[in-house]
2 protein chains.
Amino acid sequence: MNDERQPATSNPLLQLENQLCFPLYALSRMITKAYQPLLQELDLTYPQYLVFLLLWEHQELTVKALGEKLLLDSGTLTPLLKRLEQKQWISRRRDPRDERSVVIGLLPAGRELQKRACQVPEQILAKLNMPPQEFETLRRQLNTLLTQLG
Amino acid sequence: MNDERQPATSNPLLQLENQLCFPLYALSRMITKAYQPLLQELDLTYPQYLVFLLLWEHQELTVKALGEKLLLDSGTLTPLLKRLEQKQWISRRRDPRDERSVVIGLLPAGRELQKRACQVPEQILAKLNMPPQEFETLRRQLNTLLTQLG
DNA sequence: TTTAATTAAGTTGTGCACAATTAAACATCA
DNA sequence: TGATGTTTAATTGTGCACAACTTAATTAAA
């Protein structure tokens with residue numbers, strides 16, 4: 001019952017291999033999977049890791065700011081941040097100057113995490129095994145496309 | 001309580017903007033979101049659309065074959081396919097020659113769907129507003145990276 | 001040919017991702 | 001000031017995505 005019979009699709013635009021979306025979708029998941037064993041040692045998921053990248057850089061950010069930078073909404077961030085709060089890695093408090101905003105801050109344990117995360121990027125680069133030149137070109141190309149669509 | 005204070009990260013590899021993973025992750029989601037309004041008219045989600053691209057091309061595929069082509073496992077596919085079965089768009093039956101395998105086939109309504117989906121790729125291309133040359137280069141680059149990792 | 005190993009789906013549980021809605025705080029201005 | 005509109009999070013519900021496990025069918029080995 002295996003596949004390779006005559007394609008029925010007259011329209012090549014409707015074939016998986018001609019899509020741009022699919023390799024993006026698949027590659028994104030594969031890279032997340034490449035991070036998984038490294039992040040597991042830190043007890044982090046990939047989206048949680050992205051949140052920490054921002055917090056290590058900025059110490060404090062509102063949920064709104066995190067959402068803007070990561071292109072995620074509160075429906076995704078709120079439960080994620082609550083899980084990090086429960087682990088005592090971050091703090092969540094209302095901004096006294098604007099009670100609508102929730103400010104996310106690093107707790108000591110969350111700050112400590114950075115030391116152990118330092119090796120993650122290098123290990124990923126090693127896994128990808130990609131020429132730095134090519135890496136940089138692709139990164140820039142994707143970022144350009146991202147800002148064009150955003 | 002807004003961000004831009006002095007970064008604390010001494011390691012630039014730990015900054016979000018220097019990651020390759022992030023634009024991949026974000027772009028993948030943005031493109032899915034670009035499909036969403038088009039697919040909504042077909043009552044399809046994006047992963048369901050990918051399944052149909054393959055079925056329109058091959059008429060019949062096992063769950064295993066779908067999983068190999070889409071890089072998804074049965075934990076993802078089984079419930080997705082059951083939802084499509086409930087809508088009478090696909091059939092699910094055991095292969096009599098190997099009762100372990102489940103063969104997914106197109107039902108008439110699922111085949112009909114293709115006619116309405118024909119316009120989706122063009123509309124997406126229009127949305128992306130990307131030179132065909134650049135599109136093709138990026139698609140090939142991502143596909144290469146994909147097969148390298150896979 | 002019984003036993004052991006392998007394979008294919010399905011199941012369970014967790015964590016995103018996001019649309020849609022709600023609620024509270026703030027801003028605006030009639 | 002009070003009514004109106006906007007902004008910010010939180011909530012609810014659906015659908016992936018995937019790790020870990022289970023079950024049944026097939027294959028390989030002893």
Side-chain angles (χ1 to χ4, degrees), chain A residues 1-2 21-22 24-37 39-41 43-51 61-68 70-87 92-104, chain B residues 1-2 21-22 24-37 39-41 43-51 61-87 90 92-104:
Chain A
M1 207 52 52
N2 273 335
C21 58
F22 175 67
L24 253 167
Y25 160 76
L27 201 50
S28 172
R29 287 185 293 113
M30 286 192 73
I31 294 212
T32 301
K33 235 180 274 186
Y35 275 92
Q36 201 275 334
L39 295 180
Q40 188 167 34
E41 306 206 5
D43 196 16
L44 279 177
T45 67
Y46 178 68
Q48 289 168 5
Y49 172 70
L50 295 181
V51 166
L61 287 170
T62 61
V63 173
K64 176 180 163 62
L66 282 170
E68 280 172 357
L70 297 174
L71 306 180
L72 292 171
D73 70 4
S74 67
T76 302
L77 286 174
T78 298
L80 183 157
L81 294 169
K82 282 185 175 174
R83 281 188 283 272
L84 297 180
E85 184 188 34
Q86 249 182 344
K87 293 184 181 175
R92 288 174 358 111
R93 57 180 174 79
R94 293 279 166 180
D95 182 343
R97 291 180 304 165
D98 185 343
E99 293 278 345
R100 289 172 302 180
S101 294
V102 169
V103 180
I104 307 300
Chain B
M1 206 53 50
N2 273 336
C21 59
F22 175 67
L24 253 168
Y25 160 75
L27 201 49
S28 171
R29 287 185 292 115
M30 286 191 73
I31 295 212
T32 301
K33 236 180 274 188
Y35 275 92
Q36 201 273 335
L39 295 180
Q40 188 167 33
E41 306 206 4
D43 196 16
L44 279 176
T45 67
Y46 178 69
Q48 289 169 4
Y49 172 70
L50 296 180
V51 166
L61 286 169
T62 61
V63 172
K64 176 180 164 61
L66 282 170
E68 280 172 358
K69 287 170 189 290
L70 297 174
L71 307 179
L72 292 172
D73 70 3
S74 68
T76 302
L77 286 174
T78 297
L80 183 156
L81 294 169
K82 282 185 175 173
R83 280 187 283 274
L84 297 180
E85 185 187 33
Q86 249 182 343
K87 293 185 181 178
I90 64 164
R92 285 169 6 105
R93 58 182 172 78
R94 293 278 166 183
D95 182 344
R97 291 179 304 167
D98 185 343
E99 294 278 346
R100 290 172 303 180
S101 294
V102 168
V103 180
I104 306 299

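For B/Tyr49, the ring-ring contact (aromatic ring centres under 6.0 Å, His included) partners two or more places apart in sequence, or in a different chain, are B/Tyr35. Residues passing the salt bridge (charged side-chain N to carboxylate O under 4.0 Å, His left out) test with A/Glu99: none are found, sequence neighbours excluded. A/Asp73 is linked by a salt bridge (charged side-chain N to carboxylate O under 4.0 Å, His left out) to nothing, counting only residues two or more places apart in sequence or in another chain. Residues passing the ring-ring contact (aromatic ring centres under 6.0 Å, His included) test with B/Phe22: none are found, sequence neighbours excluded.
When distances run from any side-chain atom of B/Thr62 to the nucleotides C/dA9, D/dT26, D/dA9, the shortest one goes to C/dA9.
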* Asked: Just by protein heavy atoms under 4.0 Å, how would nucleotides 13-24 of chain C read 5' to 3' in B, S and -?
  -> --SSBBB-----
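With a cut-off of 3.5 Å on both Watson-Crick or G-U wobble distances, the partner of C/dG10 is given as D/dC21.
Taking 4.0 angstrom as the limit, A/Arg92 places a side-chain polar atom (N or O) nearer than this to OP1 or OP2 of D/dA10. In terms of phosphate contacts, A/Lys82 brings a side-chain nitrogen or oxygen within less than 4.0 Å of OP1 or OP2 of D/dT11.
Within a 6.0 Å sphere centred on CD of A/Glu41, heavy atoms belonging to other residues, nucleotides or ligands number 12 at most.
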Result block: side-chain N/O donor-acceptor pairs under 3.5 angstrom for residues 77-85 of chain B, not counting sequence neighbours:
unit_1, atom_1, unit_2, atom_2, d
B/Thr78, OG1, B/Ser74, O, 3.0
B/Glu85, OE1, B/Arg92, NE, 3.1

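A/Lys64 places its NZ atom 4 Å from the P atom of D/dT8, with the value rounded to the nearest Å.
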